[in-house]
Each structure stands twice: as structure tokens, then as C-alpha cells.
Amino acid sequence: MLKEYKTVREVVGPLMMVEGVEGVKYDELVEIQLQTGEIRRGRVLELDGDKAMVQLFEGSTGINIKNTKVRFLGKPLELGVSIDMIGRIFDGLGNPQDGGSNIIPEKRMDINGVPMNPVARDYPSEFIQTGVSAIDGLNTLVRGQKLPIFSGSGLPHADLAAQIARQARVLGEGDKFAVVFAAMGITFEEAQFFIDDFTKTGAIDRAVLFINLADDPAIERIATPRMALTAAEYLAYEKDMHVLVIMTDLTNYAEALRETSAARKEVPGRRGYPGYLYTDLATIYERAGRIKGRKGSITQIPILTMPEDDITHPIPDLTGYITEGQIILSRDLYRQGIEPPINVLPSLSRLKDKGIGEGKTREDHADTMNQLFAAYATGKEAKELAVILGESALSETDRAFANFADAFEQRYINQGYYNNREIEATLDLGWELLKILPRVELKRIRDEYLEKYLPVDTEGVED
């Protein structure tokens, strides 16, 4: 029989102080019964002697301190998992929100996960096709990788997230693939967009959605990504599936963390965020990966909006330290109507060379990727020079590079949100664009690939 406490002394924001407790552990799940009989949940956040600070998941509105009963349940917050979760929509705490029946769990798992032994980690090395050329061709996503998308307020990261969730797949026969989608602090309109898109396109049939709305308690926001990752770990390591976890928006998660930290009267760090923001984000990001001897894998695409488009802001800054690269969305490209507005030059996938080449994508992938990067950078410089000196000051070669940069943005990057390109189509398009340039300028591609993939009769003008 669980002991009941009626010793609530203080409630501040999402926090409650309970005195006179015995045998309580950190992170233990708490059940709070209000005077109306309503049951709310929380978790132990801090212990000091016989005092326990409880973090309330559903908020503190309507709590009467004198008539509130508190029970400590002796276990952490858990998620009941089952293969039947695929195709379902849950709230941020794992309760069904699609009108369907409750999940009959195969088992219950601690949402904080189990630390992965670094020695047991397998190196990411297989290609995941997102169907987006700017990612597949130039900043390739690899199975087991953490590749965040850095966006800005008002930029179409939701459209890109839905596109990746819809199109992503692993190449190879018989590999089971699933998408776990976690949305934190989004508006009802955004939530409806994702639900409608997943349902209309059939992506829901291989997806698990966890949705925390902007008007839901901030504390629920802190649990949402952990709920999603727990579901992903079950599907990956117990059901041998390759799972892509898309999380949006990590900035809202960090804001909820800051709100809780302020309620605890902790000494703030950079920009008011708690000093442990790095560690906390790492507990989310480091749950991606592959384990030796297991077929399944977890790949993460966290999405975050940079306040004031500031890439040095603590959230993108710390995320960049923990993850393996970043995809950056550009406001300039967005204004030009380019969809998706991915700025490929500052974007980076540190593991891209591990997931491309013969047997994975195609033999010419690495060479064409390097050549496209170099040519686009040269073309952008030529366009900037033309603005200062006038187009007549450019040489024939500079003009070719400037034309290439325009064509690259309009045809390669600007593919739209409903155009799913196979990797072969992306590579072939790259070759088609490289024909704009003189052959002698294609210095980063081996001769045998030039002979094989760049037909003589359609190549650019030679010097």
C-alpha cells in the first residue's frame, strides 16, 4: 500500500514542495490527488532531507494545498510500448489522441532510457534516402547519425520535416523502416498540418506521432522527446527496425527547461538558460545510434529555430557540439521562393563520406558532391563580383560559374516539397548542371567518371 502525504507546503509555478517524506528517490513518479478527486502526475526533481520538490506535468492550476494528497509510486515515468503504436497519435505524455483505444503494452520502459555503452556502439555507415537533393547529394544522412536542421522564425521547417517523414527510406530489400515524430510546443494549426499531411499521404502507416501543443503544460514538453525516443528504442532494438526520429522544435523544449529552472531559482547560465543545458540536450541526442549485434538503428533529425537567426545562440551552438553536422535554412533563398530553402554551403554532414559510394549510392557520388560544392561557391563569388564591377567585367569562365550558381539554386535545391527524388536522379541532375561549366574546370572529378557520366556531345565549352 502506497503511503499518502498531506504535507504539501508550497506550490510555485510547475513545482510543488512536499515535506516529511520517507524513502523517496530522485526522478520517481508522483501521483497528486486534488480536492476535486482529479488525479495529476509529476516527478521528483530534487530531494533535501525529508523534503521533496515535485515537478507537475499537468500544471498547478486549481491546487488547494490543504486538501491535496500526494503518493510516491516508487518508479520513474514509463511508457507502455507495443508494435501497435505504429500508425497512432499520442500526446506529449503518451496518451492516445486519435480517438483509438488504449495501447495494450508489451512492456513498460523508463522514458529516460538506458545509457548506451560506448564500446557497444557501431559506426554509422549506411545511407538513408530522404528524397531531398540538397541533403542526399551534398549533406548525406547516414543511419545512426544525428543531423539537426537549423531554421529561423517563419521559415518552412515544418514543410521540410513533413517531407522527410513522408519520403525517407533505407535502401535495401526487407529492411523495416519507421518514423517517430515528436512535436513540442507547436500551435494547433501546425499540429493539424502534420496530422493531415501524414494521414493524407499514408505516411501515418509507418509512423508514431507524439504531439505537445503550445497551450499544454511546459513540463510535458520536457517529457515529450524522451517519450518519442523510448518508442524509437523499442522499435529499433527489440523489433529490429530502422527508425528515423524527427523532433521539432527543440527551441521550445529548451524554453520549457529555462522556465522550470527559473521556478527552482537556479543560477542562470547564458541567456538565462540553465547551466546544464548542454548535458540535458546530450541526454536526448546521444540516444541515437547503432548497437553492435543488433539489426535496428536510430537516426535523429532534431529541428530548432534560431532566435533572431543567431547561430551563436546557446541552443544551436550547443547542439552543434553534440551532433554530427547541421542543415541550415536560408532566409534569402526563402525570399527567392526556393523550396526547400537549404543553404548548402554552411550546411555540413560530418558522416556523409561514410554513407556514399559504390554499393551504397553510386561510385561517382563523392567526386560530384565535391565538384558541386566548389562550383556553387565559385559561382556565388562571381555573382558578388558582378554586383560590384558589373557583369561585363566577368570572364567567360566567371559567367559560366555565375550561370551555374543560378541553375543550381533553381533546379537542384528548388525541388518543392512534394518531389521525391531517388538518389540516382539527384546524381544525374548534378551531372546535367555540371555540363554548364567548361570541362577543364571539373578538376575534382576523376577522368574515368567524366568519360562515363559526362557525354562529349553535351559538355560545356572547353578553353
Side-chain angles (χ1 to χ4, degrees), residues 129-141 149-150 155-156 159-160 163-164 167 325-349 352-353 356 361-362 364-387 391 394-445 449-450 453-455 458-463:
Q129 181 175 288
T130 65
V132 180
S133 291
I135 297 175
D136 293 348
L138 301 173
N139 291 291
T140 313
L141 179 65
I149 293 174
F150 289 1
L155 293 181
D159 298 273
L160 181 57
Q163 181 179 17
I164 293 171
Q167 298 178 174
Q326 67 280 329
I327 303 294
I328 298 176
L329 300 191
S330 161
R331 203 169 289 280
D332 287 341
L333 292 178
Y334 176 60
R335 289 192 188 110
Q336 293 172 40
I338 289 173
E339 300 176 341
I342 294 174
N343 192 354
V344 297
L345 293 179
S347 296
L348 169 70
S349 170
K352 62 188 173 188
D353 57 321
I356 62 175
T361 53
R362 204 167 74 186
D364 59 311
H365 192 158
D367 286 16
T368 53
M369 174 182 69
N370 292 334
Q371 187 63 68
L372 288 168
F373 262 121
Y376 182 49
T378 305
K380 294 286 278 185
E381 288 171 7
K383 287 177 70 177
E384 288 170 11
L385 200 62
V387 170
E391 201 167 319
L394 298 182
S395 67
E396 281 294 322
T397 302
D398 285 339
R399 270 199 286 275
F401 275 108
N403 292 336
F404 169 84
D406 288 333
F408 181 79
E409 288 178 354
Q410 290 301 328
R411 295 181 59 197
Y412 194 94
I413 301 174
N414 185 29
Q415 71 175 74
Y417 296 112
Y418 292 90
N419 181 2
N420 185 2
R421 282 188 189 147
E422 298 283 330
I423 184 61
E424 289 82 7
T426 290
L427 293 171
D428 290 344
L429 178 59
W431 278 107
E432 201 176 313
L433 291 168
L434 288 173
K435 291 168 192 170
I436 295 171
L437 302 172
R439 179 167 173 152
V440 293
E441 294 295 334
L442 305 181
K443 299 169 184 172
R444 295 171 182 265
I445 302 178
Y449 297 155
L450 287 171
Y453 295 103
L454 190 74
T458 54
E459 70 184 37
V461 179
E462 288 194 26
D463 283 0

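Values reported hereafter were calculated over all heavy atoms of this structure, with side chains retained and with hydrogens, waters and symmetry mates removed. Nothing fancy with the numbering, it's 1 onward along the sequence.
At a threshold of 4.0 Å, the pair Asp428-Arg362 counts as salt-bridged, since one of the basic side-chain nitrogens sits closer than that to a carboxylate oxygen.
Here the side chains of Thr426 and Thr361 are not in contact, with every heavy-atom distance at 4.5 Å or above. When side chains are defined from C-beta on, Ile436 does not count as touching Phe401, because their heavy atoms never get closer than 4.5 Å. When side chains are defined from C-beta on, Asn343 does not count as touching Leu329, because their heavy atoms never get closer than 4.5 Å. Side chains of Gln415 and Pro340 form a contact here, defined as non-hydrogen atoms less than 4.5 Å apart. A heavy-atom distance below 4.5 Å is not found between the side chains of Leu155 and Phe150. Residues Leu138 and Met369 are in side-chain contact: their nearest non-hydrogen atoms beyond the backbone lie under 4.5 Å apart. Ile149 has its side chain within reach of Ile164: a pair of non-hydrogen atoms, C-beta onward, lies under 4.5 Å apart. Between Gln410 and Ile338, the closest side-chain pair of non-hydrogen atoms falls below 4.5 Å.
Here Lys383 contributes atom NZ and Asn403 contributes atom CG; the two are 9.5 Å apart, rounded to the nearest 0.5 Å. With rounding to the nearest 0.5 angstrom, the OH atom of Tyr453 is 8.5 Å from the CG atom of Leu427. Here the straight-line distance linking atom CG of Asn420 with atom OG1 of Thr130 works out to 8.5 Å at 0.5 Å rounding. Here the straight-line distance linking atom CD1 of Ile135 with atom NZ of Lys352 works out to 12.5 Å at 0.5 Å rounding. Here the OH atom belonging to Tyr418 is positioned 10.0 Å from the CD atom belonging to Glu339, to the nearest 0.5 angstrom. Rounding to the nearest 0.5 Å gives a distance of 4.0 Å between CG of Asn139 and CD1 of Ile327.
Between Arg399 and Glu391, the shortest heavy-atom distance links the atoms NH1-O, 3.2 Å. For Ala382 against Asp398, the heavy-atom pair with the smallest separation is CB-O, 3.6 Å. Closest approach of Leu433 to Arg411, counting heavy atoms only: CD2-NH1, 4.0 Å. Across all non-hydrogen atoms, the minimal contact from Ile423 to Gln129 is N-OE1, 3.1 Å. The minimum heavy-atom distance linking Gly137 with Tyr412 is given by the pair CA-OH, 3.5 Å. Minimum heavy-atom separation, Ala405 to Lys380: CB-N, 4.1 Å.
Between Phe408 and Tyr376, the two ring planes are tilted [angle within 30° to 60°].
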For the pair Leu437 and Leu442, evaluate side-chain contact (heavy atoms from CB on, under 4.5 Å) and give the outcome as yes or no after the intermediate values.
-> CA-CA 8 Å; Leu437 302 172; Leu442 305 181; 4.1 Å; yes
Step-by-step side-chain contact (heavy atoms from CB on, under 4.5 Å) determination, Val344 to Leu372 = CA-CA 10 Å; Val344 297; Leu372 288 168; over 6 Å; no
Could you please spell out the steps behind the side-chain contact (heavy atoms from CB on, under 4.5 Å) verdict for Glu441 and Thr378?
-> CA-CA 11 Å; Glu441 294 295 334; Thr378 305; over 6 Å; no
I would like to know whether Leu454 and Tyr449 meet side-chain contact (heavy atoms from CB on, under 4.5 Å); could you show each step before the answer?
-> CA-CA 8 Å; Leu454 190 74; Tyr449 297 155; over 6 Å; no
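Of the possible donor and acceptor atoms, none in the side chain of Asn414 sits under 3.5 Å from a partner among the backbone N and O of Glu409. Remark: side-chain polar atoms of Gln371 are paired, donor with acceptor, to backbone N or O of Lys443 under 3.5 angstrom. Using a distance-only test at 3.5 Å, with no hydrogens or angles considered, a donor-acceptor pair links the side chain of Ser347 to the main chain of Ile328.
Within 6.0 Å of CZ on Arg444 lie no more than 12 heavy atoms contributed by other residues, nucleotides or ligands.
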